[in-house]
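For reference, the structure is listed below as structure tokens.
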Amino acid sequence: MVENITYLDGLNEPQKEAVLLTEGPLMVLAGAGSGKTRVITHRIVHLIHQGVTPDNILAVTFTNKAAKEMRERVIMLTQKYFPSNRAVIDSYPTVTTFHSLGVRILREFHEALGLRRHFTIYDRADSQRAVKQAIEKAGYNPKEFEPRKILSIISRAKGDAKTILEFKDAANSFPEQVTATVWYHYEATLRAEHALDFDDLLAKTLFLLREYKLIRETLQQRFKYIHVDEYQDTNRVQFSIMELLAGNTHNICVVGDIDQNIYSWRGADIKNVLQFERHFPHAKTILLEENYRSTQTIIAASNDIIKKNQNRVEKNVFTHNQEGEKLTLYAGMTGVDEAEYVALTAKSLIADGADPASIAVLYRTNFQSRSLEEAFLNYAVPYQLLGTKFFERKEVKDVLSYLRLSLNPGSNADLARIINEPARGIGKVTMLKVIEGKREELNIGATTKVKVFDDIMTDIAKTAAQKPLSETIKFIMSRSGIEATLKAEGTEDALERLENLGELVTLASHFNEVEPNDAVEQLLETAALQSDQDELKEKEEQNAVRLMTIHAAKGLEFSYVFITGLEEGLFPHERLDDGRTDQEEERRLFYVALTRAEKKVFLTYAHLRTIFGSQRVNVPSSFLNDISREHVENAEPEEGKHSSGYETTIYLD
């Protein structure tokens with residue numbers, strides 16, 4: 001080990017305190033841009049320096065992108081500070097996402113749950129299809145009880161660590177009682193297909209930890225020092241998993257920012273931060289308040305916004321960076337005017353030397369992207385929209401379904417997807433009889449067609465068990481007939497689909513050095529657990545302006561940020577189903593948007609916007625009045641355009 005601790009150089013005092021305090025529970029409340037990842041990675045290095053085996057250290061975060069960056073930083077630091085220690089270099093800490101950790105634990109202890117090691121992970125589309133079938137099996141009409149809503153209720157219950165029985169006992173409305181019944185049928189489908197849905201990756205992990213003492217103690221011995229990044233985003237089941245892993249030693253360090261809690265709609269529980277000391281007595285809390293990212297003006301504006309919230313831990317974010325430019329406010333007459341202003345301003349920034357990829361255009365809801373895309377196209381400004389994820393493209397999902405089915409022949413969802421893809425003349429009746437195990441009822445023609453498919457799957461299974469993963473993907477493309485079908489089609493769309501499959505082969509080649517079965521598992525896990533930011537990572541080589549929702553931008557940073565659609569009802573957002581607005585969460589979302597920016601923020605809104613085919617007259621967002629006027633300047637009006645400003649003029653027909 002090295003004698004001096006030079007890895008502490010460059011840390012400020014609160015960061016240093018968090019790194020050195022290794023025993024017992026610790027909560028680090030880190031403001032935006034305050035170096036929280038630096039604290040976690042240097043804390044891991046310090047633990048290793050103190051003699052802790054890397055295998056005994058766990059760090060968990062939310063996105064593959066964040067986990068990859070943290071893992072790379074830990075590897076770089078350990079190689080730098082322990083260059084000659086083979087025990088350290090050969091054994092790195094576990095740095096992963098919550099869901100990847102769940103997959104890892106469930107594969108290791110799959111027998112306890114009666115699961116195959118190669119269980120299938122349902123994506124959202126698979127789950128919705130299975131819930132629709134469960135609704136029908138329960139004797140209800142999917143048109144009356146929408147599968148998407150039923151699945152959302154089940155998902156929320158699993159995130160709250162509720163079992164089917166607990167949910168059923170607490171059900172006090174007819175829709176909840178229907179959901180409980182449907183849930184039973186849905187669970188039966190998952191069991192029959194040796195499948196887990198996305199929420200099960202955590203819910204079943206928690207079940208193992210709670211119900212199996214030996215498994216719990218094994219994992220507590222393995223992970224003696226636990227770190228949780230983005231702690232404010234944890235839900236009930238994630239908190240419970242970490243609490244059980246921490247055991248009696250309570251060697252758990254959580255890092256987060258209560259002011260960036262923007263995921264309550266998917267179960268993130270702000271109480272996990274507010275009540276940390278209640279769950280972990282004698283916990284120490286350290287505040288990281290110095291921002292290293294943004295200008296003084298941006299920090300002052302974001303402080304103006306967030307100080308209005310009541311449910312928070314008081315902290316005063318500051319920076320030693322330069323004062324910087326004021327925030328620019330633009331009011332368009334229409335949504336089209338607003339989009340044109342954004343596109344032209346971005347074009348001007350690029351002309352002045354800004355890197356296109358250093359510019360982000362953020363919006364509250366996805367529908368806003370259409371007019372923005374149109375404007376960027378019209379003015380020939382390079383842009384990149386976070387749209388359909390790579391692994392959600394049809395041709396990619398088809399090939400992965402062949403791969404999954406070869407590992408897990410009981411996966412009826414995959415069987416139904418690909419038995420006739422590409423077309424083999426196998427109809428729905430034939431497919432249902434195959435799924436129900438009634439092959440003896442098939443006529444000779446149908447039996448022949450199914451035999452052709454069975455032979456394809458047998459060949460794929462043999463190849464997957466023996467060949468490097470990229471060769472297996474190529475084989476699936478060829479043996480299934482997908483490649484030939486797309487080539488024969490010959491359209492631009494078909495060629496683009498082929499290019500996507502070529503990209504899948506490239507991605508698979510990254511796993512070629514891994515043993516074939518493990519490589520397949522790792523690729524399927526990567527596909528199942530991809531996030532919006534991972535999609536952005538794929539596209540980072542393209543030097544283009546980024547268009548994305550504010551939720552997707554969390555954790556990222558850009559030199560220039562446009563925050564669009566700042567109108568009452570849009571941002572802060574009014575929920576369409578019940579007309580309610582969670583002002584505190586919306587304000588946190590605006591705070592997140594502001595603090596993505598390093599140099600300059602542009603705020604925009606439109607007096608008139610067409611939503612759902614109807615033109616709506618807008619009042620500027622109340623958030624604009626929360627920012628001190630000294631931090632804001634109005635955009636210079638262009639000829640023929642409406643001037644910008646805080647004016648709340650209402651235009652009547």
Side-chain angles (χ1 to χ4, degrees), residues 99 102-103 106 113-116 119-207 235-237 263 265-267 388-389 391-392 394 397-398 400-401 404-405 408 410-419 421 428 431-432 434-436 524 527-530 576-577:
H99 288 89
V103 170
L106 292 168
L113 292 170
L115 272 175
R116 290 193 180 110
F119 57 81
T120 296
I121 302 173
Y122 270 16
D123 64 15
R124 198 74 179 169
D126 294 330
S127 292
Q128 278 188 212
R129 190 162 48 247
V131 166
K132 183 174 182 289
Q133 293 168 357
I135 291 169
E136 291 167 344
K137 285 179 183 175
Y140 299 110
N141 185 347
K143 291 182 179 177
E144 187 179 351
F145 297 97
E146 191 182 341
R148 183 177 58 82
K149 286 190 176 177
I150 297 281
L151 178 60
S152 180
I153 296 169
I154 294 172
S155 175
R156 186 62 179 262
K158 288 182 177 181
D160 289 338
K162 291 179 182 174
T163 63
I164 297 180
L165 196 58
E166 288 168 340
F167 181 83
K168 184 181 179 184
D169 288 345
N172 53 19
S173 68
F174 183 60
E176 287 179 346
Q177 290 163 1
V178 169
T179 300
T181 306
V182 169
W183 191 349
Y184 274 104
H185 289 282
Y186 174 54
E187 206 66 26
T189 298
L190 289 167
R191 277 198 306 274
E193 298 197 8
H194 287 267
L196 299 177
D197 66 19
F198 200 63
D199 301 296
D200 285 332
L201 300 180
L202 300 179
K204 299 294 186 189
T205 299
L206 178 58
F207 175 79
N235 61 16
R236 181 68 201 171
V237 72
Y263 290 113
W265 50 276
R266 71 179 188 197
T388 304
K389 298 189 187 81
F391 289 112
E392 288 181 1
K394 180 186 180 303
K397 288 186 75 170
D398 288 345
L400 292 180
S401 277
R404 269 199 304 267
L405 189 62
N408 181 6
S411 178
N412 289 333
D414 289 311
L415 178 66
R417 182 179 183 92
I418 59 172
I419 194 170
E421 184 63 52
K428 285 188 177 179
M431 182 185 72
L432 285 172
V434 171
I435 288 173
E436 292 169 1
L524 293 176
L529 306 184
Q530 189 198 37
L576 293 175
D577 52 358

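Here the CD1 atom belonging to Ile150 is positioned 10.0 Å from the CD atom belonging to Glu176, to the nearest 0.5 angstrom. The line from CG of Leu165 to OH of Tyr184 is 5.0 Å long, rounded to the nearest 0.5 Å. In this structure, CG on Asp169 lies 11.0 Å from NZ on Lys162, to the nearest 0.5 angstrom. Residue Lys132 holds its NZ atom at 14.0 Å from CG of Leu151, rounded to the nearest 0.5 Å.
Of all non-hydrogen atoms in Leu206 and Ala161, the two that sit nearest each other are CD2-CB, 3.7 Å. Across Ala195 and Leu115, no two heavy atoms sit closer than the pair N-CD2, 4.4 Å. The two residues Pro147 and Pro142 make their nearest non-hydrogen contact at CD-O, 3.6 Å. Nearest heavy atom pair, residue Gly159 against residue Asn235, reads O-CG, 3.5 Å. Shortest non-hydrogen contact noted between Leu405 and Ser411 is CD1-O, 3.5 Å. Of all the heavy atoms in Arg116 and Gly410, the pair that sits closest is NH1-N, 3.8 Å.
Checking each of Leu190, Ile121, Leu106, Val103 against Leu196 for a side-chain contact (heavy atoms from CB on, under 4.5 Å) leaves exactly one that passes, namely Leu106. With Thr120 as the fixed residue, the side-chain contact (heavy atoms from CB on, under 4.5 Å) test singles out one of Glu193, Arg404, His194: Arg404.
Residues Phe167 and Thr179 meet the side-chain proximity criterion, which asks for heavy atoms closer than 4.5 Å. Within the 4.5 Å cutoff, the side chain of Arg124 has heavy atoms near those of the Ser155 side chain. By the 4.5 Å heavy-atom criterion applied to side chains, Lys397 and Asp123 are counted as neighbours. Contact of the Phe198 side chain with the Lys158 side chain is not registered, since no non-hydrogen atoms from C-beta on lie closer than 4.5 Å. For the pair Ile419 and Ile435, the minimum side-chain heavy-atom distance is 4.5 Å or more. With contacts defined as side-chain heavy-atom distances shorter than 4.5 Å, the pair Gln177/Thr181 does not qualify.
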Stepwise salt bridge (Lys or Arg N to Asp or Glu O under 4.0 Å) check, Asp126 with Arg129: CA-CA 5 Å; Asp126 294 330; Arg129 190 162 48 247; 2.6 Å; yes

Check the pair Tyr140, Val178 against side-chain contact (heavy atoms from CB on, under 4.5 Å), reporting the backbone distance first and the verdict last. CA-CA 8 Å; Tyr140 299 110; Val178 169; 3.8 Å; yes

Kindly indicate, with the supporting measurements, whether the criterion salt bridge (Lys or Arg N to Asp or Glu O under 4.0 Å) is fulfilled by Glu187 and Arg191. CA-CA 6 Å; Glu187 206 66 26; Arg191 277 198 306 274; 5.2 Å; no

Check the pair His185 / Thr189 against side-chain contact (heavy atoms from CB on, under 4.5 Å), numbers first and verdict last. CA-CA 6 Å; His185 289 282; Thr189 298; 5.8 Å; no

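The main-chain N or O of Arg148 is never found under 3.5 Å from a side-chain atom of Ser152 such that the two would form a donor-acceptor pair. Between the Glu421 side chain and the Arg417 main chain, no donor and acceptor come within less than 3.5 Å of each other. The backbone N or O of Lys143 lies less than 3.5 Å from a partner atom in the side chain of Asn141, making a donor-acceptor pair.
For the 3.5 Å distance criterion, the side chains of Asp197 and Ser127 fail to qualify, holding no donor opposite an acceptor.
Using cut-offs of 30° and 60° on the angle between ring planes, the pair Tyr122 and Tyr186 is tilted.
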